[in-house]
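What follows is a set of notes on a single structure, which appears directly below.
Quick note: residue numbers are just sequence positions, from 1.
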Amino acid sequence: MIRFVRQLQFQLFLLPILAIYSLFTIYPLVKAFFLSFTNFNGYSKIYDFVGMKNYVRIFADDAILSAISYTLFFTFAKALLVTVLAIPLAMILDQKFLTRNLHRAVFFFPSIPSGLLLAYIWGFILAPIGSGVLNTLLRELFNIGPQPWLADPLLAKLSTIVVATWAVTGWHAVLYLAFLQSIPKDYYEAASIDGANRFQQIRFITLPLLAPAMTISVMLLLTGGLKVFEIPFALTKGGPGFETYSITQVIVLRGISEAQYGLASAMSIIFFLIVLAIAVFQVTVMQRREQGMQ
């Protein structure tokens, strides 16, 4: 009984956190689920129950289907590129050289400013007109004509992915660097004595021991990529056409701009289920990978 009372005392401290979480997370989720079955427009207090009509409309809306396709492509491409670049970068920054602290700060810096601010700056660099910074360099150095970096569907998608990758690679490299510094140097010394070369040390020591960091990094990349809004919006406004519409942008457009809160709520529920499914699958797979490397 005394033990129960003591545990209850500790649990009481969690009640304020639970109340805040319920107010700002659970309640909006439940409310959105309810509204997804109505024709609520966000203004009138009178709305009707429409059943699954909003969910059916999702898969008949070209902008929504394009947003789902682009968001998934953006998310997985960004996660792959950042992982491939961040691990080697972290290994370089882990070496001892005179300006390594300066280099760490330089690579980490792009993750500090707002993504919206960075995207607007890159908008000037990638402007598809002849006076754009990148097009000017291509003309002066290689005599190449203006390229439609943000006007061509494929180039626009690739441009948003490159900018997003550039913005967060340094941050994830620092994450991997923290785990690299926790690996005992004795492992590498023993491997060297046994005749293992640098590539073998990376394959059999570094990468397996970086598995927990990779789980965290990939999870953050996937969840962050699925929620992307500011970079595509600032660079292309979702264009050309619907090619770079993100799911979050379409939800805002349908819900606020077009006053279709019922449809936007249905999209939010679908979006929530997509994020949940991908996150659970990713964490499960990566944790099994960690266990297999132990």
Side-chain angles (χ1 to χ4, degrees), residues 61-89 92 102-103 105-173 220-222 224-254 256-258 267 271:
D61 189 319
D62 292 337
I64 297 175
L65 295 178
S66 178
I68 294 174
S69 174
Y70 166 72
T71 302
L72 292 176
F73 175 66
F74 174 92
T75 299
F76 289 105
K78 173 188 168 185
L80 177 62
L81 285 174
V82 171
T83 302
V84 170
L85 295 173
I87 294 178
L89 178 59
I92 294 173
L102 175 62
H103 281 79
V106 168
F107 283 108
F108 184 77
F109 175 77
S111 64
I112 298 176
S114 164
L116 191 64
L117 173 62
L118 293 177
Y120 278 127
I121 294 173
W122 273 96
F124 288 103
I125 297 174
L126 298 173
I129 56 178
S131 59
V133 176
L134 183 56
N135 280 334
T136 300
L137 289 175
L138 291 176
R139 182 181 67 251
E140 296 295 332
L141 297 178
F142 305 104
N143 197 28
I144 297 176
Q147 300 298 311
W149 301 110
L150 302 177
D152 178 79
L154 179 59
L155 288 178
K157 291 179 180 178
L158 295 179
S159 296
T160 57
I161 292 171
V162 168
V163 172
T165 300
W166 171 84
V168 300
T169 296
W171 189 95
H172 287 268
L220 294 174
L221 287 169
L222 291 180
L226 291 169
K227 296 182 295 183
V228 65
F229 175 82
E230 65 274 13
I231 289 180
F233 180 78
L235 285 175
T236 66
K237 297 296 188 294
F242 303 134
E243 294 296 330
T244 58
Y245 265 33
S246 64
I247 296 178
T248 50
Q249 183 179 349
V250 177
I251 291 174
V252 172
L253 178 65
R254 293 289 183 268
I256 298 177
S257 301
E258 299 179 4
M267 293 170 57
F271 179 52

Practice item. Assign the ring pair Phe229 / Phe233 to parallel, tilted or perpendicular, where the plane angle (0 to 90°) is split at 30° and 60°. Key: parallel
Review point. Can you tell if the side chain of Leu126 reaches within under 4.5 Å of the side chain of Val162, non-hydrogen atoms only?
Key: no
Review point. Passes side chain to side chain contact (heavy atoms under 4.5 Å, CB included), Val168 versus Ser111? Steps please.
Key: CA-CA 5 Å; Val168 300; Ser111 64; 5.6 Å; no
Check your understanding: Quick one: CG on Leu134 to CD1 on Ile144, what's the gap to the nearest 0.5 Å?
Key -> 9.5 Å
Revision key, fill the gap. Note: Ala156 and Gly239 closest approach over all heavy atoms is CB-O, 4.3 Å
Check your understanding: Can Met267 and Ile64 be said to form a side chain to side chain contact (heavy atoms under 4.5 Å, CB included), step by step?
Key -> CA-CA 8 Å; Met267 293 170 57; Ile64 297 175; 3.5 Å; yes
Point to revise | Beyond-backbone contact of Leu137 with Phe142, side-chain heavy atoms, under 4.5 angstrom | key: no
Check your understanding: When you measure from the side chain of Ser159 to the backbone N and O of Trp149, does any donor-acceptor pair fall under 3.5 Å?
Key -> yes
Check your understanding: Can you check whether Leu118's main-chain N or O pairs, donor with acceptor, with Glu230's side chain at less than 3.5 Å?
Key -> no
Check your understanding: Does Tyr70 reach the side chain of Pro232, with side-chain heavy atoms less than 4.5 Å apart?
Key -> yes
Review point. Which pair of non-hydrogen atoms, one from Pro128 and one from Pro146, has the smallest distance, and what is that distance?
Key: O-CB, 4.3 Å
Practice item. Kindly indicate whether the side chain of Leu220, heavy atoms from C-beta on, has any atom under 4.5 Å from the side chain of His172. Key: yes
Review point. Hey, is the main chain of Ile256 close enough, under 3.5 Å, to the side chain of Glu258 for a donor-acceptor pair?
Key: no
Exercise for review: Would you check if the distance from the ring center of Tyr245 to the ring center of Phe242 is below 6.0 Å?
Suggested key: yes
Review point. Would a 4.5 Å heavy-atom cut-off, applied to side chains only, mark Thr83 and Leu221 as touching?
Key: yes
Check your understanding: Atom CG of Leu155 and atom OG1 of Thr160: how far apart are they, to the nearest 0.5 Å?
Key -> 10.5 Å
Review point. When you look at NZ of Lys227, are more than 12 heavy atoms from neighbouring residues, nucleotides or ligands closer to it than 6.0 Å?
Key: no
Point to revise | Atom pair NZ (Lys157) and OG (Ser69), whose distance is rounded to the nearest 0.5 Å | key: 5.5 Å
**Study point:** Validation row: Asp61, Arg254 side chains within 4.5 angstrom (heavy atoms)
**Key:** yes
Review point. Is there side-chain contact between Phe107 and Thr169, with at least one heavy-atom pair below 4.5 Å?
Key: no
Practice item. Nearest 0.5 Å please: distance from the OG1 atom of Thr236 over to the CD1 atom of Ile231. Key: 11.0 Å
**Study point:** Sub-4.5 Å side-chain heavy-atom contact between Pro240 and Asp152
**Key:** no
Practice item. For Thr165 and Val82, indicate whether the former's side chain and the latter's backbone hold a donor-acceptor pair under 3.5 Å. Key: no
Study note, to complete from the structure: CG (Leu235) and CD1 (Ile125) are apart, to the nearest 0.5 Å, by 10.0 Å
Practice item. For Thr71 and Ile68, indicate whether the former's side chain and the latter's backbone hold a donor-acceptor pair under 3.5 Å. Key: no
Check your understanding: Is there a donor-acceptor contact under 3.5 Å from the side chain of Thr75 to the main chain of Leu226?
Key -> yes
Study note, to complete from the structure: Note: Ala164 and Lys78 closest approach over all heavy atoms is CB-CD, 4.1 Å
